[in-house]
Amino acid sequence: MSEPSVTSRQSLRKSLRQARRALSADAQQRAAQALQQQLSEYLPSHTKQLAGYLASDGEISLLPTLSWCHQRGILTSLPVIHPFTGKHLLFQHFSHDTAMTRNRFNIEEPALDSTAIIELTAHDCLLMPLVGFDAKGNRLGMGGGFYDRTLAPLQQLRDGTPRPLLIGVAHDCQQVPVLPIEPWDIPLDVIITPTQCIEL
Ligand SMILES: Nc1nc2c(c(=O)[nH]1)N(C=O)[C@@H](CNc1ccc(C(=O)N[C@@H](CCC(=O)O)C(=O)O)cc1)CN2
Ligand SMILES: Nc1ncnc2c1ncn2[C@@H]1O[C@H](COP(=O)(O)OP(=O)(O)OP(=O)(O)O)[C@@H](O)[C@H]1O
């Protein structure tokens, strides 16, 4: 990748992060409710295990969605930064009594408990926070490559092997006309916002 492209990715990331942080508490709450409504219509009825995240930095909140899952007996997990590599994510079971801690980015995550780790392929759905996206489903994340590295093994699975549905979620204001595709980008199955559902 050439230098200008890295720079434009970084400046785009900065302005999109600013845009979502600028949303009022009221707008955030409405967006989270609308997203929950969209997800409740979209998630496959067989969903038993769903990975989410706890919002930070203006990300669209999944709290209504996680509560909705808990009410229906859908098990949920949250990403935890891998304690050894520091570059991958583990997914750990999350419920109302999970002991929490903060990672190096000050994001809340479950305190490490090896007995609570849920394998990636045991998930039916994985909700990923996006910093930016375009109508073709290209995505921009926080720039750490955490999701890309963690999801890379899914590309090697044989056809027919169960794999989670990859759902990118974002505020509508995070849409941009075009994002460049990077060789390591893992394609999403769908992007859902409070007002859109972009199937890919
Ligand atoms: N809510 C949530 N949880 C998540 C993620 C996420 O995007 N959202 N992640 C998805 O990957 C992982 C954390 N990844 C992150 C990557 C970069 C930064 C970040 O703020 N970077 C700073 C530089 C900070 C530094 O290096 O000290 C920055 O860009 O300003 C935060 C989280 C795991 N948990
Ligand atoms: N499968 C992979 N193996 C090794 N490095 C990777 C892999 N995927 C991405 N990376 C590295 O991660 C860095 C960040 O990538 P990129 O800017 O695309 O992040 P992102 O997609 O915004 O982040 P995230 O995946 O955490 O949402 C890149 O420098 C890239 O080299």
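For ligands, and for the atoms within them, numbers begin at 1 and follow the listed sequence. Values in this document were obtained by computation on a predicted structure and should not be read as measured data. All values below come from the heavy atoms of this structure, side chains included, with hydrogens, waters and symmetry mates left out.
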Trainee: May I ask you to check whether Glu41 and Gln37 show a side-chain donor-acceptor distance below 3.5 Å?
Mentor: yes
Trainee: Could you grab the distance from atom NE2 of His82 to atom CG of Leu112, nearest 0.5 Å is fine?
Mentor: 9.0 Å
Trainee: Quick test: of every protein heavy atom, which one is nearest to atom 13 (C) of ligand 1, and how far off is it to 0.1 Å?
Mentor: Phe105 CD1, 3.9 Å
Trainee: Given that the side chain starts at C-beta and the backbone is N, CA, C, O, which of these parts of Met128 lies under 4.0 Å from ligand 2, counting heavy atoms, or is it both or neither?
Mentor: neither
Trainee: Can a protein heavy atom be found under 4.0 Å away from atom 23 (C) of ligand 1?
Mentor: no
Trainee: What atoms in ligand 2 come closer than 4.0 Å to a heavy atom of Met142?
Mentor: 22 (O), 23 (O), 27 (O)
Trainee: Please identify which atoms of ligand 2 are closer than 4.0 Å to at least one heavy atom of Arg13.
Mentor: 17 (O), 19 (O), 22 (O)
Trainee: When you look for heavy atoms under 4.0 Å from ligand 1, do you find them on the side chain of Leu54, its backbone, both, or neither?
Mentor: backbone
Trainee: Considering residues at least two apart in sequence or located in another chain, which fulfil the salt bridge (Lys or Arg N to Asp or Glu O under 4.0 Å) criterion with Asp172?
Mentor: none
Trainee: Just to be sure I read this right, does ligand 1 sit under 4.0 Å from the backbone of Arg104, its side chain, both, or neither, counting only heavy atoms?
Mentor: neither
Trainee: Mind checking what makes salt bridge (Lys or Arg N to Asp or Glu O under 4.0 Å) contact with Arg21, not counting sequence neighbours?
Mentor: Asp57
Trainee: Heavy-atom contacts under 4.0 Å between Met128 and ligand 1: side chain, backbone, both, or neither?
Mentor: neither
Trainee: I'd like to check which ligand 2 atoms, numbered from 1 as shown, lie under 4.0 Å from a non-hydrogen atom of Phe146.
Mentor: 24 (P), 25 (O), 26 (O)
Trainee: Does ligand 2 have any atom sitting under 4.0 Å from a heavy atom of Lys87?
Mentor: no
Trainee: Please identify which atoms of ligand 2 are closer than 4.0 Å to at least one heavy atom of Tyr147.
Mentor: 24 (P), 25 (O), 26 (O)
